[in-house]
2 protein chains.
Amino acid sequence: MAEDTPAQTHTDRRKNETRLWLGILDVHSFIYPELNKRLKELTAISVSKFDVLAQLNRYPEGLSMGDLSARLKVSNGNVSGLVNRLRKDGLVDKTMSTDDRRSFVAVLTPAGQQRFAEAARVHTEVLGKCLSHLDTQTLEDTTAMLKSIVNMPDNKVPSQDE
Amino acid sequence: MAEDTPAQTHTDRRKNETRLWLGILDVHSFIYPELNKRLKELTAISVSKFDVLAQLNRYPEGLSMGDLSARLKVSNGNVSGLVNRLRKDGLVDKTMSTDDRRSFVAVLTPAGQQRFAEAARVHTEVLGKCLSHLDTQTLEDTTAMLKSIVNMPDNKVPSQDE
DNA sequence: TTGACTTATTTTATATATAAATCTATTTAT
DNA sequence: ATAAATAGATTTATATATAAAATAAGTCAA
């Protein structure tokens with residue numbers, strides 16, 4: 001499968017690593033602004049808010065601020081602000097935990113569930129348009145390779161998902 | 001090379017597109033925070049500032065605010081703020097353009113050149129560590145695939161670089 | 001039980017980012 | 001030559017993000 005390539009110098013290796021990172025940034029800035037723009041236009045929520053709603057949608061019983069923060073990989077302070085704004089939007093409820101009075105649990109309101117469903121449709125459509133030129137094989141191969149970047153063999157990966 | 005795969009449903013296609021995007025986000029949040037943290041610790045500049053310095057480093061004669069904004073793909077207002085903060089840091093100079101009095105040209109100071117050189121070393125090192133587990137082939141293949149995502153065939157890509 | 005940690009969250013200060021309004025200078029049409 | 005339109009940059013208002021400090025509630029050892 002893989003053809004033989006001459007051994008790379010340290011410098012070449014470093015250049016290739018940089019190229020990979022620039023590639024990630026290019027794809028990110030190719031898709032993210034479009035996603036953000038269309039979500040805001042059509043559903044009045046940002047990608048950040050969408051991400052919060054998506055997590056809460058997966059957990060109908062709700063998630064604590066800390067769990068949200070860990071799942072979204074953003075700071076506690078950031079989650080505080082996002083959830084407050086979503087509360088103002090009427091999309092999320094926040095209630096004190098019954099077993100720990102320090103803890104607060106965020107849950108989607110019915111309006112939040114509905115808005116998330118609309119936003120998810122838009123999200124899917126935008127990705128479809130941005131990636132429409134990719135054939136199935138490239139789509140799957142790229143995804144697999146990206147996975148192999150994050151799922152390091154031995155290192156101290158902080159554990160994904162649940 | 002590519003094996004035959006059964007035709008995908010529309011829904012499967014959409015799921016795979018989403019998986020690709022989530023993969024991009026995972027890699028981004030795997031590398032970006034580490035890059036930002038280490039750059040700040042060791043050279044006292046953020047990734048955003050690094051990006052500005054990197055562009056100015058490529059153009060010793062300097063770049064206008066608008067050119068910087070286009071190259072970095074960020075808003076004019078953002079560039080205004082970044083360049084002002086870099087000026088306070090003593091890393092960038094801003095002078096009025098000689099041929100257009102509306103235009104301002106940003107240039108690296110000697111301190112800026114030196115700081116960029118240090119930061120570039122850190123940047124390279126961090127990427128080296130984050131990507132050390134990838135073999136040469138995966139590194140190059142992934143980069144090529146990422147390129148094929150952004151370089152669309154017919155569409156209205158706003159033109160990259162020069 | 002009290003005091004010392006630890007944990008969950010918010011607040012504060014600051015940086016980064018956008019969009020829209022504004023300001024000033026240049027260009028274009030008449 | 002002047003008025004209208006355009007272009008380059010900044011300012012303003014707001015959202016998003018972090019780190020560090022503060023607040024408040026829980027845990028645990030003595």
Side-chain angles (χ1 to χ4, degrees), chain A residues 25 28-29 31-41 43-53 55 62-89 91-106, chain B residues 25 28-29 31-41 43-53 55 62-89 91-106:
Chain A
L25 291 180
H28 192 271
S29 77
I31 295 179
Y32 188 96
E34 180 68 11
L35 210 46
N36 207 31
K37 188 177 132 256
R38 300 270 290 160
L39 279 177
K40 280 184 178 171
E41 280 172 3
T43 70
I45 61 174
S46 61
V47 170
S48 302
K49 284 179 176 178
F50 177 84
D51 290 344
V52 175
L53 299 186
Q55 287 303 321
L63 283 171
S64 70
M65 301 293 106
D67 284 350
L68 263 177
S69 160
R71 280 172 199 291
L72 298 169
K73 298 195 192 85
V74 300
S75 66
N76 277 347
N78 191 12
V79 168
S80 273
L82 279 166
V83 168
N84 274 343
R85 274 171 258 135
L86 285 167
R87 235 151 46 107
K88 248 188 238 169
D89 297 339
L91 304 178
V92 164
D93 259 358
K94 196 170 81 172
T95 57
M96 192 186 270
S97 164
T98 47
D99 37 308
D100 187 337
R101 284 189 310 165
R102 290 169 303 181
S103 187
F104 291 88
V105 178
Chain B
L25 291 180
H28 191 271
S29 77
I31 295 178
Y32 187 96
E34 180 68 12
L35 210 47
N36 207 31
K37 188 178 130 251
R38 299 270 288 159
L39 279 177
K40 281 184 176 171
E41 280 172 4
T43 70
I45 62 174
S46 61
V47 170
S48 302
K49 284 179 174 177
F50 178 83
D51 291 344
V52 174
L53 298 186
Q55 287 302 321
L63 283 171
S64 71
M65 299 294 106
D67 283 351
L68 263 178
S69 159
R71 280 174 199 291
L72 298 169
K73 300 196 190 84
V74 300
S75 67
N76 276 347
N78 191 12
V79 168
S80 274
L82 278 167
V83 168
N84 274 343
R85 273 171 259 137
L86 285 167
R87 234 152 46 106
K88 247 187 238 169
D89 297 339
L91 304 178
V92 164
D93 258 358
K94 196 170 79 173
T95 57
M96 193 187 271
S97 163
T98 46
D99 37 309
D100 187 337
R101 285 188 307 166
R102 289 170 302 182
S103 187
F104 292 87
V105 177

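Any value given below was found using the heavy atoms of this structure, including those in side chains, with hydrogens, waters and symmetry copies removed. Throughout, a chain's letter reflects where its sequence line sits, starting with A, and its residues are numbered from 1. This one's a predicted model, so the numbers in the text were calculated from it and none came from an experiment.
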Touch check for [X], heavy atoms < 4.0 angstrom, all strands: base, sugar-phosphate only, or nothing?
X: S69(B); answer: nothing
X: S103(B); answer: sugar-phosphate
X: S75(B); answer: base
X: G77(A); answer: base

Under 4.0 Å between a side-chain N/O of N76(A) and OP1 or OP2 of dT9(C), yes or no? no

Rounded at 0.5 Å granularity, tell me how far [atom1] in [X] sits from [atom2] in [Y].
X: D93(A); Y: R87(A); atom1: CG; atom2: CZ; value: 8.0 Å
X: E41(A); Y: R38(A); atom1: CD; atom2: CZ; value: 6.0 Å
X: L72(B); Y: N78(B); atom1: CG; atom2: CG; value: 8.5 Å
X: I31(B); Y: N36(B); atom1: CD1; atom2: CG; value: 13.0 Å
X: S64(B); Y: R71(B); atom1: OG; atom2: CZ; value: 9.0 Å

(request) Could you list by number each residue of residues 92-101 of chain B showing a heavy-atom separation from DNA chain C of less than 4.0 Å, or answer none if no residue does? (result)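 Per residue number, the list reads D100(B), R101(B).
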
- Which atom names give the shortest non-hydrogen contact between H28(B) and P33(B), and what distance separates them?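 Heavy atoms of H28(B) and P33(B) come nearest at O-CD, 3.7 Å.
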
By nearest-heavy-atom nucleotide on DNA chain C, the more 5' of G81(A) and K37(A) is G81(A)

Write down the distance between [atom1] ([X]) and [atom2] ([N]), rounded to a whole number of angstrom.
X: N78(A); N: dA15(C); atom1: CG; atom2: C1'; answer: 13 Å
X: E34(B); N: dA17(D); atom1: CD; atom2: P; answer: 19 Å
X: L82(A); N: dT14(D); atom1: CG; atom2: C1'; answer: 13 Å
X: L68(B); N: dG8(D); atom1: CG; atom2: P; answer: 14 Å
X: K40(B); N: dA15(C); atom1: NZ; atom2: P; answer: 9 Å
X: F104(A); N: dT23(D); atom1: CZ; atom2: P; answer: 16 Å
X: L63(A); N: dT9(C); atom1: CG; atom2: P; answer: 11 Å
X: L25(A); N: dA17(C); atom1: CG; atom2: C1'; answer: 16 Å

Let me check something: any side-chain donor-acceptor pairs from residues 46-53 of chain A under 3.5 Å, sequence neighbours excluded? List them with distances.
residue	atom	partner	partner atom	Å
S46(A)	OG	K49(A)	N	3.2
K49(A)	NZ	D89(A)	OD2	2.8

Residues at least two apart in sequence or cross-chain that pass salt bridge (Lys or Arg N to Asp or Glu O under 4.0 Å) with D67(B), listed by chain then number, are none

Judged by nearest nucleotide, the residue sitting upstream toward the 5' end of DNA chain D, V74(A) or V105(B), is V105(B)

Closest to the 5' end of DNA chain D, once V47(A) and S64(B) are matched to their nearest nucleotides, is S64(B)

So, does the side chain of R102(A) form a donor-acceptor pair with the base of dT7(C) at under 3.5 Å?
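Side chain to base: pair present.
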
Of the listed dA8(C), dT18(C), dT9(C), the closest approach to the M65(A) side chain comes from dT9(C)

